[in-house]
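By convention in this document, chain letters (A, B, ...) are assigned in the order of the sequence lines, proteins followed by strands, and residues within each chain are numbered from 1.
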Protein chains: 2
Amino acid sequence: MSDLLDRLRGRGWRMTAQRRVVAEVLDGDHIHLTADEVLARATTRLPEISRATVYNTLGELVSLGEVIEVATDGRAKRYDPNAHRPHHHLVCSGCGTIRDVHPGGDPLADLPTSERFGFTVSEAEVTYRGLCPDCTRA
Amino acid sequence: MSDLLDRLRGRGWRMTAQRRVVAEVLDGDHIHLTADEVLARATTRLPEISRATVYNTLGELVSLGEVIEVATDGRAKRYDPNAHRPHHHLVCSGCGTIRDVHPGGDPLADLPTSERFGFTVSEAEVTYRGLCPDCTRA
DNA sequence: TCCTACGATGGACCAAGTCCAAGTCAATAC
DNA sequence: GTATTGACTTGGACTTGGTCCATCGTAGGA
């Protein structure tokens, strides 16, 4: 079932109950949970798990490149398990939900050297904002 | 000197010493200060100003459309006085400084209807990430 | 110049996240 | 199977960024 767990084990990641549960929670649907939501879901499977561990594990998954940290609104960060395939995000200004989108075009190519100011630019991330169908109606 | 202050006055914005100072701080250079930095600079001009007032005033400038709130990293929000001209941001992953950039191309046009999932998409913001000259050296 | 509604104050409060000393346990070695 | 040990987990204190609210002050109109 879990590619993610296999990959992690293969990379020599020390496996503990807590880490497994966090990885499993993320590996489920491709939704974008906050750390607190991850904690809540992890707690239903492993009631003793602590907040610090969830933060530690999330941080580790991010630095392993298995999960992407998304900070769209200055509130809680969200964690995106779809790190395999490059994509961008469509955020609802009403309720905050996020969808992955795969637009055409490469924004990095649109940034001429003259607009780079000596930076070593490595990444371009696009955030589309709007209202989701539910919030449009409301 | 200040178009911003004139515009605000013209819109019937009640002018107080505190509001003027906050607007002046932002209106200076086109850098992107955090609320705390705004407070620090405002304090040098008007020592009695309070944190709550700075937050209130910033929030008001944002909803008047005179200032843009930029949340690039899940840490402190930054305030961008360059609301007149559409632009995107180049963020240093090392030190967090932000530069305005004006790339070619329109990312909104790159998002086909099939990738909009029924959203009413109104805006696309691009964040370029990389290392600034100083952080590249270090 | 006086009034009054709007703005400012500061201190309490809140949410998200980090830190740390002490305890626990997965993986390796025997 | 047991011992060992360094990495992982815990929970509670702490930090940071931000909001709320009752009270006080004042800009701007009459």
Side-chain angles (χ1 to χ4, degrees), chain A residues 5-6 8-26 32-43 45-64 66-80 96 98, chain B residues 5-6 8-25 32-43 45-64 66-80 95-96 98:
Chain A
L5 283 176
D6 289 348
L8 292 170
R9 241 186 287 261
R11 296 174 71 170
W13 206 49
R14 182 163 166 180
M15 191 55 64
T16 67
Q18 293 82 347
R19 287 174 163 203
R20 191 172 32 73
V21 165
V22 170
E24 281 171 2
V25 164
L26 286 171
H32 303 69
L33 301 170
T34 64
D36 263 9
E37 287 163 352
V38 172
L39 173 59
R41 297 189 180 207
T43 301
R45 306 189 188 198
L46 185 66
E48 320 76 36
I49 196 170
S50 88
R51 222 153 63 89
T53 298
V54 170
Y55 276 104
N56 288 342
T57 306
L58 288 173
E60 214 152 337
L61 290 171
V62 168
S63 52
L64 286 169
E66 292 290 350
V67 161
I68 295 171
E69 209 174 56
V70 187
T72 49
D73 59 348
R75 322 261 328 179
K77 289 174 194 157
R78 289 171 181 274
Y79 293 87
D80 178 352
I98 300 182
Chain B
L5 283 175
D6 289 348
L8 291 170
R9 241 186 286 263
R11 296 173 72 169
W13 205 51
R14 183 163 165 179
M15 191 55 63
T16 68
Q18 294 82 346
R19 287 174 163 207
R20 191 171 34 71
V21 165
V22 170
E24 282 171 2
V25 164
H32 303 70
L33 301 170
T34 63
D36 263 9
E37 287 163 353
V38 172
L39 173 60
R41 298 190 179 205
T43 301
R45 305 189 188 197
L46 186 66
E48 320 77 36
I49 196 170
S50 87
R51 220 155 64 93
T53 299
V54 169
Y55 276 102
N56 287 341
T57 307
L58 287 173
E60 214 152 337
L61 290 173
V62 168
S63 51
L64 286 169
E66 293 289 350
V67 161
I68 296 172
E69 209 174 55
V70 187
T72 48
D73 59 348
R75 321 260 330 178
K77 289 174 194 159
R78 289 171 181 274
Y79 294 87
D80 177 353
C95 59
I98 300 182

Report summary line: Of A:N56, A:T57, A:L58, the one forming a side-chain contact (heavy atoms from CB on, under 4.5 Å) with A:V54 is A:L58
Requested in this report: Start with the C-alpha distance between A:W13 and A:L61, add both sets of side-chain angles, then the distance that settles side chain to side chain contact (heavy atoms under 4.5 Å, CB included), and finish with yes or no.
Outcome: CA-CA 10 Å; A:W13 206 49; A:L61 290 171; 4.1 Å; yes
Query raised in the report: Given atom CG of A:L39 and atom C1' of C:dG17, what is their separation to the nearest angstrom?
Result: 12 Å
Report task. Calculate the interatomic distance between A:L46 atom CG and C:dT24 atom C1'; express it in whole Å. Result -> 14 Å
Query - Atom pair distance, as rounded to whole Å: CD in A:E37 and P in C:dA15 - result: 15 Å
Query raised in the report: Atom CG of A:L58 and atom C1' of C:dA16: how far apart are they, to the nearest Å?
Result: 13 Å
Query raised in the report: Rounded to whole angstrom units, what separation is found between the CD atom of A:Q18 and the P atom of D:dA7?
Result: 17 Å
Query raised in the report: Mind checking whether A:D80 and A:I98 have side chains closer than 4.5 Å, heavy atoms only?
Result: no
Query raised in the report: Can you give one letter per nucleotide of nucleotides 17-30 of chain D, going 5' to 3': B for a protein heavy atom under 4.0 Å from the base, S for sugar-phosphate only, - for none?
Result: SBBB----BBBS--
Report summary line: Residues at least two apart in sequence or cross-chain that pass salt bridge (charged side-chain N to carboxylate O under 4.0 Å, His left out) with B:R20, listed by chain then number, are B:E24
**Report entry** Pairs meeting criterion salt bridge (Lys or Arg N to Asp or Glu O under 4.0 Å) with involvement of residues 54-64 of chain A, two or more places apart
**Finding:** A:R19-A:E60
Report task. State which of C:dT9, C:dA8, D:dT9 makes the closest approach to the side chain of B:E48. Result -> C:dT9
**Report entry** Under the salt bridge (charged side-chain N to carboxylate O under 4.0 Å, His left out) test, residues paired with B:R9 that sit two or more places apart
**Finding:** none
Query raised in the report: Under the 3.5 angstrom rule, does the side chain of A:R41 hit a backbone N or O of A:L33 as a donor-acceptor pair?
Result: no
Query raised in the report: For A:S50, which residues count as a side-chain hydrogen bond (donor to acceptor under 3.5 Å, both in side chains) partner, sequence neighbours excluded?
Result: A:T53
Query raised in the report: When the distance from CZ of B:R20 to C1' of C:dA8 is rounded to whole Å, what number comes out?
Result: 15 Å
Report task. In whole angstrom, give the distance that lies between atom CG of A:L8 and atom C1' of C:dA27. Result -> 17 Å
Report task. Taking all heavy atoms of A:L64 and all of A:R11, pick out the closest pair and write down the distance. Result -> O-NH1, 3.2 Å
Query raised in the report: Given axes from five pairs at either end, by how many degrees does the helix from C:dT1-D:dA30 to C:dC30-D:dG1 bend, rounded to 10°?
Result: 30°
